[in-house]
Protein chains: 2
Amino acid sequence: MRFDRELLKGTTETFLLAALAESPCHGYQLVEQLKRRSDGIFELGEGTVYPLLYKLEAKGWIKGQWDSDTALRRRRVYRITPRGRRQLAQRTRQWEELVRGMTLILKGAAHA
Amino acid sequence: MRFDRELLKGTTETFLLAALAESPCHGYQLVEQLKRRSDGIFELGEGTVYPLLYKLEAKGWIKGQWDSDTALRRRRVYRITPRGRRQLAQRTRQWEELVRGMTLILKGAAHA
DNA sequence: GGTGTATACTATGTTATACGAGGTATCGAC
DNA sequence: GTCGATACCTCGTATAACATAGTATACACC
């Protein structure tokens, strides 16, 4: 499904945190991960993912490390930090609250 | 609840369409409506609502009419148009799809 | 009759988000 | 030795929501 770009705003960071909470990942792989894990609903481009990773790292929510041992190509593997997990929990609560509010409003409109 | 501003992006137009689908309303009242109908979860300011109403009207999804008969003060009552209802239905589908995708991703992270 | 408050609309500048588009480099296969 | 896949990086753009400020009317109260 193709979304209005604006509908995704504010949710993308949460995607990445959630994906990294499940397992460490490098950027290129995250693009595939998100697509797969969301059942094809989300497709973030590299131009979205990489800048976001730098930002999340700068905030201390994830930590990147160059993986030169196992990898064929140089790549940066990101892991979620304890602070990142707290941030994810908080965002998850906000998300659920948003869903609750939207449901209330859309339900009203449906039977109007 | 206080939201990250960005999380609301793309949803606000849908709020307004949904609220107007239930009953015609003027701008000032919409601010109160949305707060009440969402159980206090959403609080949009006038600086958000009015410019949005102009935009929705320009797109032909709602139609405003100056109400000088019943009102004490001049005020503009907006009604949703047939095209607006189709737009709302489409946005509702997108919203449900977004919720589905987010649920898949957040669920995975929760038991990771 | 003047002051304050609630109603009601209008207009503008700011911030930051997601994305497209373009670029670099390495590896394996044919 | 060329092609495609992997992997990363960067910049410019559109636009959304909001804060802020401004205008104007009705009404209550002293």
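All heavy atoms count here, side chains included; hydrogens, waters and symmetry mates do not. Just so we're clear, the structure is a prediction, and the values are computed from it rather than from any experiment. Lettering of chains follows the sequences in order, A, B, ..., and the numbering in each one begins at 1.
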Which of the following nucleotides, dT15(D), dA18(C), dA8(C), is nearest to the side chain of Tyr28(B)?
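Nearest to the side chain of Tyr28(B) among the choices is dA8(C).
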Between dA8(C), dA16(D), dA18(C), which nucleotide gets closest to the side-chain atoms of His26(B)?
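Per side-chain heavy atoms of His26(B), the pick is dA8(C).
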Roughly how many Å is it from [atom1] in [X] to [atom2] in [N], rounded to a whole number?
X: Arg91(B); N: dA16(D); atom1: CZ; atom2: C1'; result: 12 Å
X: Gln33(B); N: dA8(C); atom1: CD; atom2: P; result: 12 Å
X: Glu6(B); N: dA14(D); atom1: CD; atom2: P; result: 18 Å
X: Leu53(B); N: dC9(C); atom1: CG; atom2: C1'; result: 10 Å
X: Gln29(A); N: dC8(D); atom1: CD; atom2: C1'; result: 14 Å
X: Leu44(A); N: dT17(C); atom1: CG; atom2: P; result: 14 Å
X: Arg75(B); N: dA6(C); atom1: CZ; atom2: P; result: 18 Å
X: Asp4(A); N: dC19(C); atom1: CG; atom2: C1'; result: 14 Å

Could you tell me whether [X] and [Y] make a salt bridge, using a distance below 4.0 angstrom between a side-chain N and a carboxylate O?
X: Arg91(A); Y: Glu96(A); result: no
X: Arg36(A); Y: Glu43(A); result: no
X: Lys35(A); Y: Glu32(A); result: no
X: Glu6(A); Y: Lys9(A); result: yes
X: Arg76(A); Y: Asp67(A); result: no

Distances for protein N/O vs nucleotides 9-13 of chain D N/O pairs under 3.5 angstrom?
residue : atom : partner  : partner atom : Å
dC9(D)  : OP2  : Tyr54(A) : OH           : 2.5
dC9(D)  : O5'  : Tyr54(A) : OH           : 3.0

Whether [X] side chain and [Y] backbone form a donor-acceptor pair below 3.5 Å:
X: Tyr50(A); Y: Tyr28(A); value: yes
X: Thr48(A); Y: Leu44(A); value: no
X: Glu46(A); Y: Val31(A); value: no
X: Arg93(B); Y: Leu88(B); value: no
X: Glu97(A); Y: Ile41(B); value: no

Please list residues of residues 7-19 of chain A whose heavy atoms come under 4.0 Å from any atom in DNA chain C, ordered by number; otherwise none.
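DNA chain C contact set from residues 7-19 of chain A: Leu8(A), Lys9(A), Gly10(A), Thr11(A), Thr12(A).
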List the atom of Ile105(B), the atom of Phe42(A), and the distance in Å for their closest heavy-atom pair.
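Minimum heavy-atom contact is CD1-CD1, 4.0 Å.
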Can you find a side chain N or O atom of Lys55(A) that sits less than 4.0 Å from OP1 or OP2 on dA16(C)?
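For dA16(C), neither OP1 nor OP2 has a side-chain N or O of Lys55(A) closer than 4.0 Å.
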Enumerate all atom pairs, one protein N or O and one N or O from nucleotides 25-30 of chain C, separated by less than 3.5 Å.
residue : atom : partner  : partner atom : Å
dT26(C) : O2   : Arg73(A) : NE           : 3.3

